[in-house]
Amino acid sequence: MKNVKLLLVLFVVLFAFQACNNDDEAKEADIVGVWAVSELVFDITINGESLSEYFGEDEADLFEPFFTEAFEDEFEDVSIEFNSDGTYLSEDSDGSTDTGTWSLNSDGNVLILDDGTADEFTFNIVSSTKNTLVLNYSETDDSDIDFDGNPDEFTVSMDLTLTK
């Protein structure tokens with residue numbers, strides 16, 4: 001019986017170490033290539049509540065299409081090429097291009113565009129495979145949205161899925 005318990009403990013420990021293996025950690029070689037935006041999912045909360053919870057359904061129905069269209073238009077038909085020399089080139093549907101640099105943090109879980117510049121932008125890497133890259137961006141602003149004299153926590157979070 002003692003051996004069974006020992007084997008069970010060893011199995012659990014080995015399983016735990018395997019589960020801790022971060023397959024989603026990005027490697028620079030996996031990032032290099034041409035990627036297209038295949039999906040965009042975003043969420044907006046105010047003080048931790050969805051738009052419909054905060055404003056009510058009718059008002060949320062007025063605001064949500066505005067945000068949806070703005071985000072979708074920004075990322076529609078966008079492609080980005082990450083080069084092995086740490087540079088990138090992005091192009092949108094009207095042919096506009098943008099260039100800059102990219103890098104990964106030491107843990108391989110943050111993609112940094114234009115590090116150290118005024119245009120620096122960071123994405124958390126949700127998952128990374130050779131053909132799919134899911135990035136998350138989240139930003140919070142403390143503004144008085146409802147003009148009651150108290151700051152409101154306005155958070156926009158988006159998951160951007162790129163495919164090769």
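Just so it is clear, the model here is predicted, and its values are computed rather than measured. Note that the numbering runs from 1 along the sequence shown for the chain. Values below: every heavy atom of this structure, side chains too, minus hydrogens, waters and symmetry copies.
Considering CD of Glu91 and CG of Asp98, their distance stands at 11.5 Å, rounded to 0.5 Å. Annotation: the span from Glu57 atom CD to Ser52 atom OG amounts to 4.5 Å, rounded to 0.5 Å. Taking CG of Leu111 as the start and OG of Ser128 as the end, the distance is 9.5 Å to the nearest 0.5 Å. Atom OG of Ser143 and atom CD1 of Ile46 lie 10.0 Å apart (nearest 0.5 Å). With rounding to the nearest 0.5 angstrom, the OG atom of Ser84 is 9.5 Å from the CD atom of Glu28. Atom OG of Ser90 sits about 5.0 Å away from atom CD1 of Ile80, to the nearest 0.5 Å.
With Asn83 contributing its side chain and Asp85 its backbone, the two residues share no donor-acceptor pair below 3.5 Å. Of the possible polar contacts, one joining the Asp94 side chain to the Ser96 backbone as a donor-acceptor pair under 3.5 Å is found. Judged by distance alone, the side chain of Asp144 and the main-chain N or O of Phe147 form a donor-acceptor pair under 3.5 Å. At distances below 3.5 Å, not a single donor-acceptor pair connects side-chain atoms of Asp114 with backbone N or O atoms of Thr117. Glu53 contributes no side-chain N or O that, together with a main-chain N or O of Glu49, makes up a donor-acceptor pair within less than 3.5 Å. At least one donor-acceptor pair under 3.5 Å links the side chain of Asn105 to the backbone N or O of Val110. For Ser38 (side chain) and Thr161 (main-chain N/O), a donor-acceptor pair under 3.5 Å exists by modelled atom type. Between the side chain of Lys130 and the backbone N or O of Lys164, no donor-acceptor pair lies under 3.5 Å.
Between Ile125 and Val134, every side-chain heavy-atom pair lies at or beyond the 4.5 Å cut-off. In this structure, Thr101 and Leu113 have side chains that are not in contact, with every pair of non-hydrogen atoms separated by 4.5 Å or more. At a threshold of 4.5 Å between non-hydrogen side-chain atoms, the residues Thr45 and Phe154 do not count as touching. In this structure, Leu89 and Thr97 have side chains that are in contact, with non-hydrogen atoms separated by less than 4.5 Å.
Contact detail for Pro151 and Asp142: the closest heavy-atom pair is CB-CB, 4.4 Å. When all heavy atoms of Tyr54 and Asn47 are compared, the closest pair comes out as CE1-ND2, 3.7 Å. What you find for Thr155 and Ser138 is that their closest heavy atoms are CG2-OG, 3.8 Å.
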Asn109 and Leu104: side-chain contact (heavy atoms from CB on, under 4.5 Å), yes or no, with the steps?
CA-CA 7 Å; Asn109 58 6; Leu104 296 175; over 6 Å; no
The test is side-chain contact (heavy atoms from CB on, under 4.5 Å); show your working for Thr99 and Tyr88 and say whether it passes.
CA-CA 6 Å; Thr99 60; Tyr88 72 86; 5.7 Å; no
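Proximity of the aromatic rings of Trp102 and Phe82 is defined here by a centroid distance below 6.0 angstrom, and this criterion is met. Between Phe42 and Tyr137, the ring center distance fails the sub-6.0 Å criterion.
If you chain together hydrophobic residues whose side chains sit under 4.5 Å apart, Val32 and Leu135 fall into the same group. Ile112 and Met158 fall into different hydrophobic clusters, where Ile, Leu, Val, Met, Phe, Trp and Tyr are joined by side-chain heavy atoms under 4.5 Å apart, directly or via other members. Following chains of ILVMFWY side-chain contacts shorter than 4.5 Å, one can reach Leu162 starting from Leu40, so the two form part of one hydrophobic cluster. Cluster annotation: Trp35 and Phe121 are assigned to the same hydrophobic cluster (Ile/Leu/Val/Met/Phe/Trp/Tyr, side-chain heavy-atom contacts under 4.5 Å, transitive).
Remark: of the listed residues Thr140, Asn124, Asn136, Asn136 is the sole one forming a side chain to side chain donor-acceptor pair (under 3.5 Å) with Ser157.
Judged by distance alone, the side chains of Thr129 and Asn131 never bring a donor and an acceptor atom under 3.5 Å apart.
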